[in-house]
Protein chains: 2
Amino acid sequence: MFLNQTSQYALRAMAGLIVADQTGPLKSKELAKKTEIPSHYLSKIMRKMVEAGFIESKKGHGGGFLLKKPLKQIRIIDVLHATGFDMEDQPCVFGWDQCSDCNPCPLHPVWKRLKESFNDWAFNTTLEDVRRENRLVSEERFNLTSGR
Amino acid sequence: MFLNQTSQYALRAMAGLIVADQTGPLKSKELAKKTEIPSHYLSKIMRKMVEAGFIESKKGHGGGFLLKKPLKQIRIIDVLHATGFDMEDQPCVFGWDQCSDCNPCPLHPVWKRLKESFNDWAFNTTLEDVRRENRLVSEERFNLTSGR
DNA sequence: TATTCAATAGACTTGTAAATCCATTGAAAT
DNA sequence: ATTTCAATGGATTTACAAGTCTATTGAATA
């Protein structure tokens with residue numbers, strides 16, 4: 001869908017990291033394998049996550065990436081911003097330089113609603129939600145397969 | 001933002017066409033100028049709109065593009081489909097081949113909500129909405145500038 | 001019929017996000 | 001100290017969407 005590959009990879013990588021059993025730092029290569037992201041490309045994305053303060057990196061023996069911030073404090077929008085995506089930078093869909101509520105292009109009202117839904121999602125969803133909902137599913141599956 | 005340039009152009013072109021004073025067919029070049037879409041590229045997009053049955057084209061003298069269907073019957077999703085965009089074709093954001101409600105990837109629940117908002121918008125917004133809301137704005141402005 | 005206009009078709013070029021490659025840095029272990 | 005491991009930086013390549021160019025088709029006008 002709509003977000004560019006880099007942003008999608010970033011979400012995927014963060015999700016992959018938080019879902020992993022956290023017994024020490026997770027290596028870029030392992031995460032790459034797990035998430036099927038080209039490993040060298042992933043490295044660059046992970047650097048951005050480090051710079052944004054979401055994770056920290058350890059070089060050398062036993063190195064890799066570790067979560068640094070509470071998941072609750074990392075919103076989807078933060079991850080997107082860290083990859084360079086910013087809704088505010090997006091040009092008017094109709095191509096106007098100065099499109100706004102006061103000076104709306106023909107698509108403005110309609111497009112605005114889409115942006116609002118997107119923002120509603122991106123600002124109100126955190127990586128904690130990702131983890132929680134993933135847990136719920138795993139538990140359900142466990143209950144099923146364990147025969148209760 | 002997220003939709004590719006071609007899809008955005010398609011929305012822009014349709015909006016440009018319906019907002020134009022409809023005194024006969026609108027030429028591709030005129031529409032291109034109005035919407036600031038590269039004219040030859042626009043031609044290709046307009047062809048898709050013709051094939052989808054939204055508009056018809058007239059060649060030669062006095063030719064151009066005309067609306068064919070009632071605006072109410074053209075949803076945003078239809079325009080997007082006509083340009084080749086299909087939400088159902090979008091691969092799992094986590095990269096899984098078989099990701100579904102029954103077999104959800106770690107991002108599935110969260111991503112699903114985004115898709116639902118998007119679909120809600122794309123399926124429930126028509127070009128009639130685009131026209132109506134544009135009209136409302138124009139009238140408001142008229143009332144202001146006419147000094148009432 | 002000849003001329004002009006405008007869409008159509010398809011080959012070709014451009015721009016840039018995505019992906020790869022390789023050399024370097026820095027940390028841990030022995 | 002030396003070796004090994006893994007992240008980092010930056011140059012380069014690839015792939016493909018976006019955009020351009022040119023020739024053709026087909027309709028209206030006179």
Side-chain angles (χ1 to χ4, degrees), chain A residues 1-13 17 20 24-52 54-68 80 83-86 89-91 93 95, chain B residues 1-13 17 20 24-68 80 82-86 89-91 93 95:
Chain A
M1 187 179 14
F2 18 54
L3 294 168
N4 67 15
Q5 191 67 282
T6 304
S7 296
Q8 290 194 40
Y9 279 167
L11 290 174
R12 193 194 293 193
L17 186 60
L26 185 60
K27 283 181 280 187
S28 183
K29 266 206 177 160
E30 283 169 3
L31 185 58
K33 201 173 181 183
K34 184 188 175 72
T35 55
E36 294 180 274
I37 299 173
S39 83
H40 288 92
Y41 198 60
L42 174 61
S43 292
K44 297 196 187 314
I45 294 171
M46 294 311 274
R47 191 81 257 284
K48 293 177 199 274
M49 300 300 103
V50 171
E51 279 161 11
F54 306 148
I55 59 178
E56 65 179 323
S57 65
K58 292 214 173 302
K59 282 185 171 182
H61 242 115
F65 299 100
L66 283 171
L67 277 165
K68 197 178 172 184
L80 299 183
T83 62
F85 174 92
D86 194 333
D89 293 344
Q90 305 304 318
V93 64
Chain B
M1 186 182 13
F2 18 53
L3 294 168
N4 68 15
Q5 192 67 281
T6 304
S7 296
Q8 290 194 41
Y9 279 166
L11 291 174
R12 194 193 294 192
L17 186 60
L26 185 61
K27 282 182 282 188
S28 183
K29 266 204 177 162
E30 283 169 3
L31 186 57
K33 202 172 179 182
K34 185 188 175 70
T35 56
E36 293 180 278
I37 298 173
S39 83
H40 288 92
Y41 198 60
L42 173 62
S43 291
K44 295 191 191 314
I45 295 171
M46 293 311 274
R47 192 81 257 283
K48 293 177 200 274
M49 301 300 103
V50 170
E51 280 162 10
F54 305 149
I55 59 178
E56 65 180 322
S57 64
K58 293 214 174 299
K59 281 185 172 183
H61 242 115
F65 299 99
L66 284 170
L67 277 165
K68 195 177 174 187
L80 299 184
T83 62
F85 175 91
D86 194 333
D89 293 345
Q90 304 304 317
V93 64

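Per chain, numbering begins at 1; letters A, B, ... match sequence-line order.
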#### Entry: Phosphate OP1/OP2 of D/dA18: any B/Thr6 side-chain N/O under 4.0 Å
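So the side-chain polar atoms of B/Thr6 do come within 4.0 Å of the phosphate oxygens OP1 or OP2 of D/dA18, strictly under.
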### Query
Looking only at side-chain N and O atoms, does A/Tyr9 come under 4.0 Å of OP1 or OP2 in C/dA19?
yes
To the nearest 0.5 angstrom, please state how far the [atom1] atom of [X] sits from the [atom2] atom of [Y].
{"X": "B/Ser39", "Y": "B/Glu30", "atom1": "OG", "atom2": "CD", "answer": "12.0 Å"}
{"X": "B/Lys34", "Y": "B/Leu42", "atom1": "NZ", "atom2": "CG", "answer": "12.5 Å"}
{"X": "B/Lys27", "Y": "B/Ser57", "atom1": "NZ", "atom2": "OG", "answer": "15.0 Å"}
{"X": "B/Leu17", "Y": "B/Arg12", "atom1": "CG", "atom2": "CZ", "answer": "14.5 Å"}

Nearest whole Å is fine: how far is [N] [atom2] from [X] [atom1]?
{"X": "A/Leu42", "N": "C/dC21", "atom1": "CG", "atom2": "C1'", "value": "16 Å"}
{"X": "B/Phe85", "N": "D/dA18", "atom1": "CZ", "atom2": "C1'", "value": "18 Å"}
{"X": "B/Asn4", "N": "C/dA18", "atom1": "CG", "atom2": "P", "value": "13 Å"}

### Query
Counting only N and O atoms by type, is there a donor-acceptor contact under 3.5 Å from the side chain of B/Glu36 to the main-chain atoms of B/Ala32?
no
### Main-chain N/O of A/Leu31 paired with A/Thr35 side-chain donor or acceptor, under 3.5 Å
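Answer holds: yes.
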### Message
Please find the pair of heavy atoms, one from B/Met46 and one from B/Ala13, that lie closest to each other, and give the distance.
### Response
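That closest heavy-atom pairing would be SD-CB, 3.9 Å.
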### Query
Where along nucleotides 22-30 of chain C does protein come under 4.0 Å, by heavy atom, of base (B) or sugar-phosphate alone (S), with - for untouched nucleotides?
B--BBBBS-
### Message
Let's see if you get this right: which residues in residues 25-36 of chain A place a heavy atom under 4.0 Å from DNA chain C?
### Response
none
### Side chain of A/Tyr41 - closest among C/dA19, D/dA7, D/dT20
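The answer is C/dA19, which lies nearest to the side chain.
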### Message
From the set D/dA18, C/dA7, C/dA19, return the single nucleotide nearest to any side-chain atom of A/Gln5.
### Response
C/dA19
### Task
Would you check if there is a donor-acceptor pair between the side chains of A/Thr6 and A/Thr83 at a distance under 3.5 Å?
no
### Query
By salt bridge (charged side-chain N to carboxylate O under 4.0 Å, His left out), which residues pair with B/Lys58, not counting sequence neighbours?
none
### Summary
B/Glu56 meets the salt bridge (charged side-chain N to carboxylate O under 4.0 Å, His left out) criterion, sequence neighbours left out, with none
### Task
Can you run down the salt bridge (charged side-chain N to carboxylate O under 4.0 Å, His left out) pairs that involve residues 44-53 of chain B, sequence neighbours left out, and say none if there aren't any?
B/Arg47-B/Glu51
### Query
Under 4.0 angstrom, heavy atoms only, what part of the nucleic acid is B/Ser57 near: base, sugar-phosphate, or nothing?
sugar-phosphate
### Task
Scan residues 44-56 of chain B against DNA chain D and write down, sorted by residue number, each residue with any heavy atom closer than 4.0 Å; if none is found, say none.
B/Lys44
